[in-house]
Amino acid sequence: MALACAAPLLATAGAPATAATPVLAWEGARRLGVHCRVDPDHLTGRRPLQAKLCERVRTLAAAKAPLPVAILPPGDPGLIAPDTMVLLFHAAVQGDDARPLLVFTTRAYRPTAAPSELFGAMPRAVALPPGGTGPDLDAALDAALAETLPWRARPVP
């Protein structure tokens, strides 16, 4: 009897998924806010680097986005607005000045929604290019955003 009840489940267990289930936290979101933090605080040039990285994350996140994407600075009321999903970008610069390494992660957060994701994208490390932009950094950001944003998700193989 138990096998007869489980047969339909077993028949589809090996079948590839054809579509991702939408994350409920995104329901009703009308904009995506990007909020960034780069550490450590004592890093020389931290604020301009943080602004440059945040704008790059915003630009990449906005590609094919079904809703407007804007940077939300600290204290912005949009950080807790019920219609806003917030993309958190947290990075740290490590290593010496000659060869700095940027370690970062991204996570979607919405204070008014039931928690649906405990973790965001897996942490990534990439050499910090001079000027804070470059193709290797963009590739790492693209990979993190594909794990975080539904419209950037890669199809399941």
Side-chain angles (χ1 to χ4, degrees), residues 9 12-13 15-43 45-95 100-129 131-157:
L9 295 174
T12 60
T18 56
T21 303
V23 178
L24 293 178
W26 287 89
E27 188 174 311
R30 291 197 293 266
R31 90 172 158 160
L32 176 66
V34 179
H35 186 68
C36 304
R37 177 165 173 88
V38 174
D39 287 313
D41 283 338
H42 64 274
L43 178 70
R46 179 183 74 83
R47 287 185 190 255
L49 175 62
Q50 180 173 288
K52 185 173 277 193
L53 289 170
C54 203
E55 178 55 35
R56 191 66 192 140
V57 170
R58 189 209 62 78
T59 298
L60 293 172
K64 300 181 182 174
L67 63 171
V69 181
I71 293 174
L72 299 178
D76 190 298
L79 291 168
I80 58 170
D83 66 345
T84 302
M85 177 65 81
V86 180
L87 175 65
L88 300 170
F89 172 81
H90 191 188
V93 178
Q94 299 181 342
L101 185 67
L102 184 72
V103 181
F104 72 90
T105 189
T106 59
R107 183 170 78 88
Y109 169 74
R110 190 166 176 201
T112 59
S116 59
E117 294 182 37
L118 296 176
F119 302 99
M122 71 176 157
R124 289 179 163 71
V126 63
L128 182 61
T133 60
D136 290 342
L137 176 58
D138 278 0
L141 290 171
D142 277 332
L145 293 174
E147 293 176 13
T148 310
L149 303 175
W151 61 92
R152 300 287 307 266
R154 295 184 175 114
V156 177

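The first residue in the sequence is number 1, and the count goes up from there.
If you take CD on Q94 and CG on L43, they are separated by 11.0 Å, rounding to the nearest 0.5 Å. Rounding to the nearest 0.5 Å gives a distance of 9.5 Å between OG1 of T133 and CG of L128. Taken from CG in L49 to CG in L102, the straight-line distance is 7.0 Å, to the nearest 0.5 Å. Distance check, rounded to the nearest 0.5 Å: CZ of F104 to CG of L88 gives 14.0 Å. Rounding to the nearest 0.5 angstrom, the gap separating the SG atom in C36 from the NZ atom in K52 is 14.0 Å. Note that OG1 of T105 and CZ of R124 are 8.0 Å apart. Values are rounded to the nearest 0.5 Å.
For the residue pair L67 and A29, the shortest heavy atom distance occurs at CD1-O, 4.1 Å. P129 approaches G134 most closely through the heavy-atom pair CG-N, 3.9 Å. P100 and V93 make their closest contact through CB-CG1, 3.9 Å (heavy atoms, listed as atom of the first residue, atom of the second, distance). Closest approach of A121 to A144, counting heavy atoms only: CB-O, 3.6 Å. When every heavy atom of A127 is checked against every heavy atom of L101, the shortest pair comes out as N-CD1, 3.8 Å.
In this structure, the side chain of R56 does not engage the main chain of D138 through any donor-acceptor pair within 3.5 Å. Although no hydrogens or angles enter the test, the distance criterion places a donor-acceptor pair under 3.5 Å between the side chain of R110 and the main chain of P82. A donor-acceptor contact shorter than 3.5 Å is absent between the side chain of R37 and the backbone of H35. The backbone N or O of A62 sits nowhere less than 3.5 Å from a side-chain atom of W151 that would complete a donor-acceptor pair.
Here the side chains of V126 and L141 are not in contact, with every heavy-atom distance at 4.5 Å or above. Using a 4.5 Å heavy-atom cutoff, the side chains of L149 and W26 are in contact.
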(request) Begin with the C-alpha distance, continue with both residues' side-chain angles, and end with the deciding distance and a verdict on side chain to side chain contact (heavy atoms under 4.5 Å, CB included) for F89 and T148. (result) CA-CA 11 Å; F89 172 81; T148 310; over 6 Å; no
(message) Would R152 and D142 count as a side chain to side chain contact (heavy atoms under 4.5 Å, CB included) here? Give the steps.
(response) CA-CA 8 Å; R152 300 287 307 266; D142 277 332; 2.6 Å; yes
(request) Kindly indicate, with the supporting measurements, whether the criterion side chain to side chain contact (heavy atoms under 4.5 Å, CB included) is fulfilled by V34 and E55. (result) CA-CA 9 Å; V34 179; E55 178 55 35; over 6 Å; no
(request) Begin with the C-alpha distance, continue with both residues' side-chain angles, and end with the deciding distance and a verdict on side chain to side chain contact (heavy atoms under 4.5 Å, CB included) for I71 and D76. (result) CA-CA 9 Å; I71 293 174; D76 190 298; over 6 Å; no
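Paired with L32 under the rule side-chain contact (heavy atoms from CB on, under 4.5 Å), one option of V86, L72, V69 passes, and it is V69.
By the salt bridge (charged side-chain N to carboxylate O under 4.0 Å, His left out) test, R31 pairs with no residue at all, sequence neighbours left out.
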